[in-house]
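So you know, we letter chains A, B, ... as the sequences are listed, proteins then strands, and number each from 1. Just the heavy atoms: all of them, side chains too, but no hydrogens, waters or symmetry mates, feed the values below. Keep in mind that this is a model prediction, so the values were computed, not measured.
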There are 2 protein chains.
Amino acid sequence: MEQNAQMSRVRTIADLARLAGVSPGTVSRALAGKSLVNAETRDRIQALAAEHSFRPNQMASRLRTQRTGVIGVVVPLGHERRQHLSDPFFMTMLGFLADRLTEDGYDLMLSRIIPDATDWLERIVDSGMMDGVLLIGQSDQVDTIERVARRYRPLVAWGSSDLPGQVHCAVGTDNIAGGRMAGERLIARGARRIAFLGELRAPEIRQRYEGVASAMAAAGIDHPPIQLDTHLASDIMVQEVTAHLDRVGGEIDGIAAASDVIALTTLRVLADRGIRVPDDMPVVGYDDLPLALSAVPRITTVRQDIARGADEMVSALFRRIAGEDAPSVMMPPVLVERDSA
Amino acid sequence: MEQNAQMSRVRTIADLARLAGVSPGTVSRALAGKSLVNAETRDRIQALAAEHSFRPNQMASRLRTQRTGVIGVVVPLGHERRQHLSDPFFMTMLGFLADRLTEDGYDLMLSRIIPDATDWLERIVDSGMMDGVLLIGQSDQVDTIERVARRYRPLVAWGSSDLPGQVHCAVGTDNIAGGRMAGERLIARGARRIAFLGELRAPEIRQRYEGVASAMAAAGIDHPPIQLDTHLASDIMVQEVTAHLDRVGGEIDGIAAASDVIALTTLRVLADRGIRVPDDMPVVGYDDLPLALSAVPRITTVRQDIARGADEMVSALFRRIAGEDAPSVMMPPVLVERDSA
DNA sequence: TGGAACGTTGCAAACGTTTGCGAAAGTCGA
DNA sequence: TCGACTTTCGCAAACGTTTGCAACGTTCCA
């Protein structure tokens with residue numbers, strides 16, 4: 001029997017049907033566990049399938065049912081050409097998404113996209129390969145996302161949901177509030193000339209900057225934060241931060257980093273120069289990744305609940321796949337007070 | 001025209017063929033850029049396709065061609081039930097794999113697997129959904145991997161390639177040599193009672209332990225390293241390490257961590273207790289993730305070239321998909337001397 | 001005893017593409 | 001003018017499932 005299983009490899013449902021002496025249709029129904037087949041023959045067929053370790057061809061099944069069981073997860077790297085997928089925030093988010101998606105029986109197809117062609121999202125959405133798509137981050141591609149979202153429902157993004165006129169469903173945290181928290185914390189630490197380390201092309205980051213600015217304004221500080229472009233790409237970040245600090249290090253007395261990774265790098269550069277954190281220079285991060293807790297000193301940061309965010313994204317997506325409506329969700333950030341500010 | 005494009009949505013190749021006044025076969029060939037069609041009609045059809053933003057159904061195409069253009073990337077979490085995908089090493093590796101794979105026109109389907117059923121790998125391999133599969137890590141599932149690899153060629157794993165009788169293709173670094181380097185470094189720093197923080201069920205980690213042990217033996221130290229189970233799950237790692245240090249902290253004078261993440265956590269715990277690194281307690285990590293460089297103090301670690309590793313994996317896989325043979329590759333690790341040891 | 005009702009199964013038509021094969025039309029040289 | 005050859009295209013058969021519908025054999029009730 002074992003030999004038999006090896007010799008005449010049963011590849012198709014028809015093969016198995018011949019072996020079982022029934023029609024392919026019956027095998028299909030039996031394997032799907034439908035109630036339309038006799039329980040006895042169903043068991044017999046399932047046993048036979050197991051014995052030959054037969055698994056129906058997914059491609060054919062999906063073509064026929066028009067349902068793929070695949071969710072596309074795409075990371076648009078619009079303005080961050082040098083950034084790659086290894087960015088810890090994306091990765092952490094991806095991890096939670098993968099957990100949740102596989103739990104619900106979906107597969108996850110990952111695309112890392114540098115949007116050079118303008119139809120990058122159409123290409124994905126219209127490939128007919130997935131039941132829905134999740135965007136980790138909006139990058140500077142809000143226009144494209146809006147255009148597609150207008151006609152393609154099962155699409156949800158991570159990021160800002162309060163953009164003027166926004167139609168696409170997004171889940172994220174209140175970045176303005178988060179930025180304000182960071183700013184307030186720095187001000188409470190006595191900082192008045194605050195630098196913001198981050199690039200403003202993604203709406204998320206821009207809002208964080210605006211939050212910091214509003215906190216400063218509210219405290220009666222009459223100048224805005226000093227904004228310094230800093231990419232999330234880990235390979236050049238050290239040089240970038242070093243250059244920034246070389247240039248304006250003397251003029252500032254507090255740093256709001258657009259992400260924990262940037263904060264961590266900043267800590268490193270400051271340590272090299274003997275600048276004490278937080279006494280000489282308070283630093284606050286954003287995200288609250290695990291590494292914020294392991295850093296020395298521990299990073300004071302604005303927490304985004306990534307696990308919950310992933311959950312909300314998946315839930316919204318499933319509702320949209322089912323044809324229901326699902327609104328955007330904006331979660332409140334919370335300041336995690338640790339040692340760096 | 002714009003209206004037209006919206007109104008009569010062209011979904012299939014047949015639709016487009018009708019519009020262009022040719023047969024579906026010709027459209028298919030034109031879209032594929034085959035030379036069997038007149039250049040003029042080809043351009044005309046392509047223009048028409050673009051105008052209606054038509055994209056052929058992938059599912060059907062794949063069913064017909066029996067080529068999916070999808071590579072499965074699976075992370076087996078055999079003994080690490082609590083570990084999730086957000087582990088930085090996996091994620092960094094995944095990032096490079098995604099870069100390389102998309103570069104070559106392949107899609108990437110991600111599965112995070114907790115191997116409860118024994119046929120988890122068969123289920124993936126026989127789904128008929130991918131042209132090949134990449135395993136990030138062997139976990140404690142070497143038997144399963146071996147069984148499948150015996151009949152399924154396009155499979156390559158990250159991990160040890162020198163296991164007794166191993167048939168499956170693996171790329172990784174020489175973990176024994178790497179462990180030895182770590183051990184030698186600690187010994188050079190004066191350590192003699194060395195703790196190894198890591199779990200031995202994955203062959204990779206076990207070999208690192210053996211490397212440390214062999215370095216100690218070579219130095220005339222007559223006892224083995226003190227092995228302390230430490231999971232890679234970031235959420236309980238701090239507690240684990242704390243517990244370990246509570247128990248044996250007084251007996252040891254050097255720490256070899258099985259990964260950089262463990263090393264980082266250890267640094268954090270040691271800092272809490274006022275134990276100076278490296279003076280009181282040298283610590284060496286493994287992997288050389290970006291975070292090793294940002295840590296304070298910078299982590300001395302054994303470097304695995306993840307980028308090259310990902311490249312080797314993909315190359316080997318492509319060769320195997322093409323039917324050629326591809327041997328395992330074992331890359332040399334290198335000790336990166338920094339501040340923690 | 002007839003037929004309605006029920007539970008199981010088989011038949012065959014999709015799903016949307018690719019591709020071998022042959023037909024038609026055009027080109028060229030003899 | 002004819003045949004050989006080339007280029008371009010249409011026809012139709014796959015790829016392996018799923019599923020509506022019809023057919024079959026029972027059972028059961030009138």
Side-chain angles (χ1 to χ4, degrees), chain A residues 8-46 48-49 52-70 105 107 123 125-131, chain B residues 8-46 48-49 52-70 105 107 123 125-131:
Chain A
S8 63
R9 179 130 175 62
V10 25
R11 288 184 329 102
T12 78
I13 263 194
D15 292 344
L16 197 62
R18 211 172 307 119
L19 237 61
V22 295
S23 80
T26 303
V27 172
S28 173
R29 281 185 271 254
L31 258 29
K34 295 268 179 73
S35 57
L36 294 88
V37 287
N38 189 327
E40 186 187 325
T41 60
R42 167 161 45 78
D43 293 347
R44 187 165 55 87
I45 290 173
Q46 283 182 352
L48 209 56
H52 292 259
S53 65
F54 166 77
R55 260 166 282 274
N57 181 303
Q58 291 292 323
M59 219 61 66
S61 165
R62 288 171 179 195
L63 172 59
R64 174 60 226 239
T65 58
Q66 302 288 70
R67 178 196 178 278
T68 67
V70 175
D107 287 321
R123 208 140 50 183
V125 155
D126 293 331
S127 71
M129 293 239 344
M130 26 217 161
D131 295 339
Chain B
S8 64
R9 179 130 174 61
V10 27
R11 288 185 328 105
T12 77
I13 262 193
D15 292 344
L16 197 62
R18 213 171 308 118
L19 237 61
V22 295
S23 80
T26 303
V27 172
S28 172
R29 281 185 270 253
L31 259 29
K34 294 267 179 73
S35 59
L36 294 88
V37 287
N38 189 331
E40 185 187 326
T41 60
R42 166 161 44 77
D43 294 346
R44 187 166 53 89
I45 290 174
Q46 283 181 352
L48 210 57
H52 292 257
S53 66
F54 167 77
R55 262 166 279 274
N57 182 301
Q58 291 291 323
M59 220 62 68
S61 166
R62 291 173 176 192
L63 173 61
R64 172 60 225 238
T65 57
Q66 302 287 71
R67 178 195 176 279
T68 68
V70 174
D107 287 322
R123 207 139 50 182
V125 155
D126 293 331
S127 70
M129 291 240 344
M130 26 216 160
D131 295 340

DNA chain C-proximal residues of residues 21-30 of chain B, any heavy atom under 4.0 Å: B/G25, B/S28, B/R29

For A/M59 and D/dC15, give me the distance from atom CE to atom P, rounded to whole Å. 15 Å

Inter-residue atom distance B/N38.CG - B/R29.CZ, 0.5 Å rounding: 13.0 Å

A/V37 and A/R42 have their tightest heavy-atom pair at CG2-CB, 3.8 Å

How long is the gap from NZ on A/K34 to OG1 on A/T26, to the nearest 0.5 Å? 11.5 Å

On the nucleotide C/dT18, are OP1 or OP2 found under 4.0 Å from the side-chain N or O atoms that B/Q66 carries? no

Give a yes/no on whether any side-chain N or O of A/T65 is located under 4.0 angstrom from OP1 or OP2 of D/dT18. no

Donor-acceptor pair, side chain of A/D15 and main chain of A/T12, under 3.5 angstrom: yes

D/dT17 P sits how many Å from A/K34 NZ, rounded? 14 Å

In Å, rounded to the nearest 0.5 Å, how long is the span from CE of A/M59 to CZ of B/R64? 14.5 Å

Closer to the 5' end of DNA chain C via nearest nucleotide, is it A/T41 or A/L63? A/T41

What is the separation between atom CD1 on A/I45 and atom C1' on D/dT18, rounded to the nearest whole Å? 15 Å

How many Å lie between CZ on B/R62 and P on D/dA14, as a whole number? 24 Å

Return the value, rounded to whole Å, for the distance between atom CD of B/Q58 and atom C1' of C/dT17. 10 Å

B/R64 CZ to C/dT17 P, straight-line distance once rounded to whole Å: 13 Å

Identify the heavy atoms of B/I13 and B/F54 that sit nearest to each other, and give their distance. N-CZ, 3.6 Å

In whole Å, what is the span from the CD1 atom of B/I13 to the P atom of D/dG10? 13 Å

Taking for each residue the nucleotide of DNA chain D bearing the nearest heavy atom, is the 5' side occupied by B/A39 or by A/R55? B/A39

Nearest-nucleotide pick for B/S61, side chain only, options being C/dT17, D/dG16, D/dC9: C/dT17

May I have the distance from B/N38 (atom CG) to D/dC9 (atom P), rounded to whole angstrom? 5 Å

Rounded to the nearest 0.5 Å, how far does CG of A/L16 lie from CG of A/L48? 5.0 Å

